[in-house]
Amino acid sequence: MSFLELRGVEKHFGSLKAIKGIDLAVEKGEFVVFVGPSGCGKSTLLRMIAGLTEIDAGSLRLDGRDITRLASSKRDLAMVFQSYALYPHMSVADNMSFALRLANVDKAVIREKVRRAAEILNLSQYLERTPKELSGGQRQRVAIGRAIVRAPKVFLFDEPLSNLDAALRGQTRVEIAKLHRELGATTIYVTHDQVEAMTLADRVVVLRDGAIEQVGSPLELYDRPANQFVAQFIGTPQMNIVDSAALPALRDAAGVDGASDGFIGVRPENVLVRPAGSGRLAGHVELVESLGADTLIYANVGDGGATARTVQLVARQNERTALQPGDAVGLDIVPASFHLFDRQGRVVSARAA
Amino acid sequence: MQMNHFALLVRTVAAWLVTLLLVFPLIWLVLTSFKTELQAIAVPPRLFFTPTLESFREVNLRSDYLHHAANSVVTSFVSTFIGLAIAAPAAYSMAFFRTRRTRDILMWMLSTKMMPAVGALVPVYVMAQTAGLLDSRTALIVVFTLSNLPIMVWMLYSGFKDIPPDILEAARMDGASIWGEFTQVIRPLAMGTLASTGLLCLVLAWNEAFWSLNLSSAKAGTLAALIASYSSPEGLFWAKLSAASLLAIAPIVVVGWFSQKQLVQGLTFGAVK
């Protein structure tokens, strides 16, 4: 039996099913990330695990015990909120020790635990300050510290980095990954940012409209998306997805064999830019984005005049380019790198990873 | 800049005028209480006179000030504490567990304050009589508590609403029971609201005259009833009436003076933010 088990978990808001029967098993020590567009129910699902939102159907088991109806305060889970939710009237030390004090832990033990957590999080010189005297990043670390002093069964993170600026976000992300490596604590982390999902997770759960689209390791999701939604949600820039009827030439270029009706998906790094006149596809440059290490080339590809339709493909390469908008280019597709989806968006066949 | 100075001057003068207008009866009351009955009705009224404590002596001889004062203290404090004990959980639930009906319930509670108290006089009187509680502190405490409850719930509700719910959820995750949430998180964060609500209701209960006049007399009569006893039957004795009034309002004026910050904060809660 898994450490944390969700079985057929549902949430209803009136007649609307916000969470539609989620089955998920989380192993001890695992770092699981819930990711999805806003409104997909990922935060609601996390709050249901936390006990802050009631579970309307299904069951939740933690460490062999049914906790579906148990009050949050008795679940032994710690949560880091997006707003940090620090107690404004308490010092940093009191914020971190609040749970232990409620549990009547010995004072000397509390002091030692707070001291160690503060050391890990670089907060030692701020212990006497109140939250309003701290920067956003420091508050974030206090919120994490409040969770780790308790050594709870599971850490829950609700979009913890979304209130930080980009530089701090990256830095804190690395710290959270490091912390998880050191503590080995079971963690569930909610984010809408797929980079956080890819870099932090052992396993990623992609959610949409209150249902799971796919569960897998970050690279599994990237290499073998189960459907068009996951294929486009994971990876920046998005996977190129083209209606196979719109550009027959692409089928040949990608090496799709057999008659199939649906969509062809190709990751931007598998679209290769060639000099004009060569390559299996011909098109014109629409836009060039130079990111330094990477260059993105947006090309409009026609089917040679049979129809007036053109399709935009994005190519990503790590060499710089002298191409300008309007330039003619040729394009090739890396052999066997395509993903094939049927009309419902389900994967038909994917390249071998 | 010139215009600003002028506007400031006008506003200052206006503020002083209004204040004077409001305070004048109080000043006159204080002056009159130190006059003799003859000086009190002299025309034109005298601003300068030799103060005398004669009226205070009279009042003390004729009625038991301390007895009435004790009634006032007991009824207002007890009704305030009971009111807070009922209103705080109600406001907590409405502020943090809102439903579609929360707004309606709040409006309904407030609407009970729109009804003239006299409309409920007969039923309340009959109930008090049937329960054998006429002229008892208990009856006054119950009525004061109930009549202040809507205001208490409203004030606490608007104060609690300013506490981010995340903080309470964090406390819940940290293992706090509802009682722990209230004592460890809400109470320290809403101390201002709790204090100002308590103070306001203390003042309202202290000043309450309608119910104490109608439900109590010699035994449970509050200071408001004491003042009233100096008006009608034997004609008006201005100096003694003033002395009794001064004795009745003095304690609450002192309390109000020292807690004006909390009172103002409570009354403008939500309006300034």
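Below, chains carry the letters A, B, ... as their sequence lines are ordered, and counting in each starts from 1.
- The local environment of CZ in Phe77(B) is sparse, with at most 12 non-hydrogen atoms from other residues, nucleotides or ligands closer than 6.0 Å.
- With a 4.5 Å cut-off on non-hydrogen atoms, Leu156(A) touches chain B through its side chain but not through its backbone.
- Counting heavy atoms of neighbouring residues, nucleotides and ligands inside a 6.0 Å radius, atom CD1 of Ile178(B) does not exceed 12 of them.
- The minimum heavy-atom distance linking Ala170(B) with Ala85(A) is given by the pair CB-O, 3.7 Å.
- Residue Ala50(A) touches chain B through both its backbone and its side chain, counting heavy-atom pairs closer than 4.5 Å.
- Around atom CE of Met115(B), more than 12 heavy atoms belonging to other residues, nucleotides or ligands sit under 6.0 Å away.
- The 12-atom threshold is exceeded at CZ of Phe3(A), counting heavy atoms of other residues, nucleotides or ligands nearer than 6.0 Å.
- Among the candidates Ala171(B), Gly180(B), Pro165(B), the residue making the largest number of heavy-atom pairs closer than 4.5 Å to chain A is Ala171(B).
- For Leu102(A), the part sitting under 4.5 Å from any heavy atom of chain B is the side chain, from C-beta outward, and nothing else.
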Can you pull out the donor-acceptor contacts between chain B and chain A, under 3.5 Å, including backbone atoms?
from	atom 1	to	atom 2	distance (Å)
Asp166(B)	OD2	Ser83(A)	OG	2.3
Glu169(B)	OE1	Arg47(A)	NH1	2.8
Glu169(B)	OE2	Arg47(A)	NH1	3.3
Glu169(B)	OE2	Arg47(A)	NH2	2.7
Ala170(B)	O	Tyr87(A)	OH	3.4
Ala171(B)	N	Tyr87(A)	OH	3.2
Arg172(B)	O	Ser73(A)	N	3.4
Met173(B)	O	Arg150(A)	NH1	2.8
Met173(B)	O	Arg150(A)	NH2	3.4
Asp174(B)	OD1	Arg150(A)	NH1	3.4
Asp174(B)	OD2	Tyr87(A)	OH	2.8
Gln184(B)	O	His89(A)	NE2	2.9

